Amino acid sequence: MSGLSALKLVQAKQNQGTSPKHARRQKLSSKLHEQIQLAKAEQAGTQYQPTKLRTVKDAVTGESRKVEIPKRIKAWWWPSDNGKLCITVRYGARTLEVIEGKNAIETDSIAGVVTTLEVLRSAVDAGELDARIEAISGLVKSGFDKEAQGSKRPTLKLQSKSA
């Protein structure tokens with residue numbers, strides 16, 4: 001028993017996984033990290049192109065193998081009419097309203113874009129935008145609900161031909 005006495009034994013329980021709220025927060029945080037890296041690369045005059053693994057099947061041999069391919073990232077900022085840069089936060093294909101009724105953030109330069117994205121990422125990590133993420137997630141989920149779509153689908157009524 002002298003071997004076991006050298007170990008520190010504790011009572012512990014392993015977590016079963018992350019909550020859906022935490023998973024959504026992590027998803028948005030990782031997308032914000034990619035946008036920060038993209039903005040920093042633009043500021044430095046370089047290109048940022050992360051890669052992802054994709055499984056492809058060889059046509060000749062029929063073997064599957066993993067290949068790194070460049071990941072397409074679209075910038076969340078654009079120049080506005082007044083010469084400043086506007087930034088939107090996207091969750092999936094939808095724009096996230098940071099504050100009710102406001103969907104864009106205006107900055108002066110690309111350095112401001114980097115700073116703004118870092119502030120947004122820290123807010124997401126702290127859980128300040130959980131209610132907004134939950135609302136957008138609900139909209140995205142409702143788009144996948146087939147039964148609800150069937151009842152909401154508009155029907156086209158044609159006039160019958162009169163003889």
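Note that the numbering runs from 1 along the sequence shown for the chain. This is a predicted model, so every value here is computed, not measured.
Partner Val124 forms a side chain to side chain contact (heavy atoms under 4.5 Å, CB included) with one of Arg25, Gln26, Lys27 and no other, that one being Arg25.
Side-chain contact check for Val89 versus Lys31: every heavy-atom pair is 4.5 Å or farther apart. The shortest distance between side-chain heavy atoms of Arg24 and Pro20 falls below 4.5 Å.
In the hydrophobic cluster analysis, where Ile, Leu, Val, Met, Phe, Trp and Tyr join through side-chain heavy atoms closer than 4.5 angstrom, Ile73 is grouped together with Tyr91.
Residues Thr55 and Ser64 come closest through the heavy atom pair CG2-CB, 3.9 Å. Ala39 and Leu117 make their closest contact through CB-CD1, 4.4 Å (heavy atoms, listed as atom of the first residue, atom of the second, distance). The nearest pair of heavy atoms linking Ile87 to Trp77 is CG1-CB, 4.0 Å. Smallest separation of non-hydrogen atoms from Gln47 and Ala41: C-CB, 4.1 Å.
Going from atom OG of Ser122 over to atom CG of Leu32 covers 9.5 Å, rounded to the nearest 0.5 Å. For the atom pair OG1 of Thr46 and CG of Leu38, the computed distance is 9.5 Å after rounding to the nearest 0.5 Å. For the atom pair OG1 (Thr116) and CH2 (Trp76), the distance works out to 13.0 Å, reported to the nearest 0.5 Å. Put simply, CD on Gln35 and CZ on Arg121 are 12.0 Å apart, with the number rounded to the nearest 0.5 Å. From Leu129, atom CG reaches atom CG of Leu28 across 7.5 Å, with rounding to the nearest 0.5 Å. A distance of 11.5 Å separates OG of Ser137 from NZ of Lys21, quoted to the nearest 0.5 Å.
Judged as a side-chain hydrogen bond (donor to acceptor under 3.5 Å, both in side chains), and not counting sequence neighbours, the contacts of Glu100 are Arg132.
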With a 3.5 Å cut-off and sequence neighbours excluded, list the donor-acceptor pairs that the side chains of residues 65-72 form with protein atoms.
residue: Lys71; atom: NZ; partner: Glu34; partner atom: OE2; Å: 2.6

For residues 101-114, which side-chain N or O atoms pair as donor and acceptor with protein atoms under 3.5 Å away, sequence neighbours left out?
residue: Glu106; atom: OE2; partner: Asn82; partner atom: ND2; Å: 3.2
residue: Asp108; atom: OD1; partner: Lys84; partner atom: NZ; Å: 3.2
residue: Ser109; atom: OG; partner: Ala111; partner atom: N; Å: 3.4

message: Apply side-chain contact (heavy atoms from CB on, under 4.5 Å) to residues Glu97 and Ile136 and explain how you reach the verdict.
response: CA-CA 9 Å; Glu97 289 184 342; Ile136 288 292; over 6 Å; no
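Counted within 6.0 Å of CG on Leu53, heavy atoms from surrounding residues, nucleotides or ligands total more than 12; the atom is thus considered enclosed.
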